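The figures that follow rest on heavy atoms only: side chains count, while hydrogens, waters and symmetry mates do not. Naming: A, B, ... by sequence-line order, numbering from 1 per chain. From a predicted model like this one, the values you see are computed outputs, not experimental measurements.
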There are 2 protein chains.
Amino acid sequence: MDERQVLEHYLKERGLKMTKARLLILEAFLGMESHVTAERLYEAVHKLDDGIGQATVFRNIRLFTDAGLAREACRDDGPRQYEHAWRHAHHDHLSCIQCGAVIEFVDGAIETAQQAVYKKYGYVPSGHRMELFGLCPDCAARHNSPQT
Amino acid sequence: MDERQVLEHYLKERGLKMTKARLLILEAFLGMESHVTAERLYEAVHKLDDGIGQATVFRNIRLFTDAGLAREACRDDGPRQYEHAWRHAHHDHLSCIQCGAVIEFVDGAIETAQQAVYKKYGYVPSGHRMELFGLCPDCAARHNSPQT
DNA sequence: ATTGATATTGATAATGATTATCAATATACT
DNA sequence: AGTATATTGATAATCATTATCAATATCAAT
Ligand SMILES: [Mn+2]
Ligand SMILES: [Mn+2]
Ligand SMILES: [Zn+2]
Ligand SMILES: [Zn+2]
């Protein structure tokens, strides 16, 4: 089952309709790298068909999220960021506060410890978001030897 | 060194001035429980002195953050949330997606594992943010027995 | 205490991101 | 093809926050 089929199934299931715009936005999204903002997605879509309004892009990336094709990535501030969710497993982020470089990772020990926290407080897990901030190796080096 | 002294020190250090409004907003903030929004802080301040504008509240809670008296709490969406930072150690959040109940916790195993992740990728740690989502015990119970 | 340089304030406009509104149109069943 | 209704694009509205700016308060030096 590929992304288009997932969407078609999701739509049919609740009486929604497939449209030219919807499909185009999906294709644009699939062709972009992770951490896409609605604005950047709109720009990409606009190149393929300049008749598509940006409200439609906002509406549909949101729909894709409900359908399980996209998910909101960590964002500290600024516009919402989306990443692919279909066949893209959960992961957390390690971000450089200087240059913005982002590493995606999964750490077994952390995931296990998180389950223990849920258990301790009697909560039923539904998901989590974790972002580690720091200086990437390059920025750290530049930081320690400013103009040597 | 109490909060007021911290602020005074921070101000003097960079040629800024202490004002009536500034002090009032600080006192209001200190008198409120964690996870305060600028709007709620403004309401509290307004009761003490209705001549204080809300831009001033926005400006000063931001200043407190720079001064190390406040810090931004996790927020998924909606207005920015602040919590006390002076003599309030780092912690993470476990939130109920149904009723919004929030538990603050620190887990040694997670903190240790996070350091290992930093090391693995050669990043210099500067902080992190983690929020676990789920159903609190009450909401989970209500969810399993809707109207029994 | 008076002065003077300047940081601060309150009111309000502006911004940025997202959502709501709505008439026109496209879609998908029959 | 006909029909009910979901969708669209344009645009207005909303929400949280920041910028602008003239008037005022602060504070270190006289
Ligand atoms: Mn990611
Ligand atoms: Mn907290
Ligand atoms: Zn970097
Ligand atoms: Zn709950």
Side-chain angles (χ1 to χ4, degrees), chain A residues 4-5 7-29 35-43 45-67 70-82, chain B residues 4 7-29 35-67 70-82:
Chain A
R4 179 173 174 163
Q5 292 174 309
L7 180 57
E8 282 168 349
H9 180 259
Y10 177 87
L11 295 175
K12 195 153 293 177
E13 210 173 29
R14 49 202 82 201
L16 305 180
K17 296 168 180 173
M18 177 56 86
T19 67
K20 201 154 58 99
R22 197 156 271 175
L23 196 54
L24 207 74
I25 295 169
L26 176 64
E27 271 160 21
F29 175 61
H35 297 213
V36 183
T37 194
E39 174 63 23
R40 287 216 303 128
L41 179 55
Y42 170 66
E43 286 163 17
V45 167
H46 198 261
K47 273 173 198 145
L48 303 176
D49 180 342
D50 66 335
I52 288 174
Q54 74 184 120
T56 303
V57 174
F58 271 99
R59 279 190 287 246
N60 280 289
I61 187 64
R62 193 176 226 267
L63 179 84
F64 297 166
T65 302
D66 294 338
R71 102 171 51 101
E72 293 183 21
C74 266
R75 61 150 173 172
D76 205 27
D77 232 338
R80 205 167 280 163
Q81 312 245 47
Y82 295 92
Chain B
R4 179 174 173 161
L7 180 57
E8 282 168 349
H9 181 260
Y10 177 88
L11 295 175
K12 196 154 292 177
E13 210 173 31
R14 49 202 80 200
L16 306 181
K17 297 168 180 172
M18 176 55 86
T19 67
K20 201 155 55 99
R22 198 157 269 175
L23 196 54
L24 206 75
I25 295 169
L26 177 63
E27 271 161 19
F29 175 61
H35 297 213
V36 183
T37 194
E39 174 63 23
R40 287 217 304 128
L41 179 55
Y42 169 66
E43 287 163 16
V45 168
H46 198 262
K47 273 174 198 145
L48 303 176
D49 181 341
D50 67 334
I52 289 173
Q54 74 184 120
T56 303
V57 175
F58 271 99
R59 278 190 288 245
N60 280 290
I61 187 65
R62 194 175 224 268
L63 179 84
F64 297 166
T65 302
D66 294 339
R71 108 171 45 103
E72 294 182 23
C74 267
R75 63 153 171 169
D76 204 27
D77 232 336
R80 204 167 280 165
Q81 313 245 44
Y82 295 91

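- DNA chain C lies under 4.0 Å from no heavy atom of any residue of residues 70-78 of chain A.
- Looking at the side chain of B:Leu16, the nearest of the listed nucleotides C:dT8, D:dT17, D:dT8 is C:dT8.
- Close to D:dT8, at under 4.0 Å from its OP1 or OP2, lies a side-chain N or O of A:Arg22.
- With a 4.5 Å cut-off on side-chain heavy atoms, B:Arg22 and B:Leu7 count as touching.
- Taking 4.0 angstrom as the limit, A:Thr56 places none of its side-chain polar atoms (N or O) nearer than this to OP1 or OP2 of D:dT8.
- Taking only side-chain atoms of B:Asn60, from C-beta outward, the nucleotide of C:dA28, C:dT19, C:dT9 with the closest atom is C:dT9.
- If you check D:dT26, D:dA6, D:dT17 against the side chain of B:Lys20, the one that comes closest is D:dT26.
- Nearest heavy-atom pair, A:Arg4 versus A:Leu26, reported as atom, atom and distance to 0.1 Å: CA-CD2, 3.9 Å.
- Using a 4.0 Å cut-off between a side-chain N of Lys or Arg and a carboxylate O of Asp or Glu, B:Asp76 and A:Arg75 do not qualify as a salt bridge.
- Side-chain atoms of A:Thr19 and A:Thr56, non-hydrogen and from C-beta on, never get closer than 4.5 Å to each other.
- Nearest-nucleotide assignment on DNA chain D puts the 5′-proximal partner with A:Met18, out of B:Lys12 and A:Met18.
- No donor-acceptor distance shorter than 3.5 angstrom exists from the side chain of B:Asp50 to the backbone of B:His46, with no hydrogens or angles considered.
- Between the CG atom of A:Asp49 and the C1' atom of D:dT8 there is a distance of 12 Å, rounded to whole Å.
- Atoms CZ (B:Arg80) and C1' (C:dA17) sit 13 Å apart, rounded to a whole Å.
- The nucleotide whose nearest atom lies closest to any side-chain atom of B:Phe58 is, among D:dT18, C:dT27, C:dT19, D:dT18.
- Comparing atom distances between the A:Arg62 side chain and each of C:dA7, C:dT19, C:dA17 picks out C:dT19 as nearest.
- With a 4.5 Å cut-off on side-chain heavy atoms, B:Arg71 and B:Tyr82 do not count as touching.
- If you take CZ of A:Arg14 and P of D:dT7, they are 11 Å apart, rounded to a whole angstrom.
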Hey, what are the protein-to-nucleotides 20-22 of chain C N/O distances that come in under 3.5 Å?
none

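- A:Glu39 has its CD atom 14 Å from the P atom of C:dT19, to the nearest Å.
- Among residues two or more places apart in sequence or in another chain, the side chain to side chain donor-acceptor pair (under 3.5 Å) test is passed with A:Asp66 by none.
- In this structure, C:dG16 forms a base pair with D:dC15, meeting either the Watson-Crick or the G-U wobble geometry with both donor-acceptor distances under 3.5 Å.
- Note: CG (B:Leu23) to P (C:dT9) measures 11 Å, nearest angstrom.
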Original post:
Would A:Lys12 and A:Met18 satisfy side chain to side chain contact (heavy atoms under 4.5 Å, CB included), going step by step from the backbone distance to the final call?
Top reply: CA-CA 9 Å; A:Lys12 195 153 293 177; A:Met18 177 56 86; over 6 Å; no
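- When all heavy atoms are compared, the tightest approach of A:Ile61 to A:Ala70 is CD1-CB, 4.1 Å.
- Between A:Glu8 atom CD and D:dA6 atom P the separation is 19 Å, expressed in whole Å.
- For the pair A:Arg62 and A:Phe64, the cation-pi criterion (under 6.0 Å, within 45° of the ring axis) is not fulfilled.
- As a whole-Å value, the separation of A:Asp50 CG from D:dG9 P is 11 Å.
- Side-chain proximity of B:Ala38 to C:dT8, D:dT7, D:dT17: nearest is D:dT17.
- A:Leu11 places its CG atom 9 Å from the P atom of C:dA28, with the value rounded to the nearest Å.
- Sequence order on DNA chain D of the closest nucleotides to B:Thr19 and B:Gln54 puts B:Gln54 first from the 5' end.
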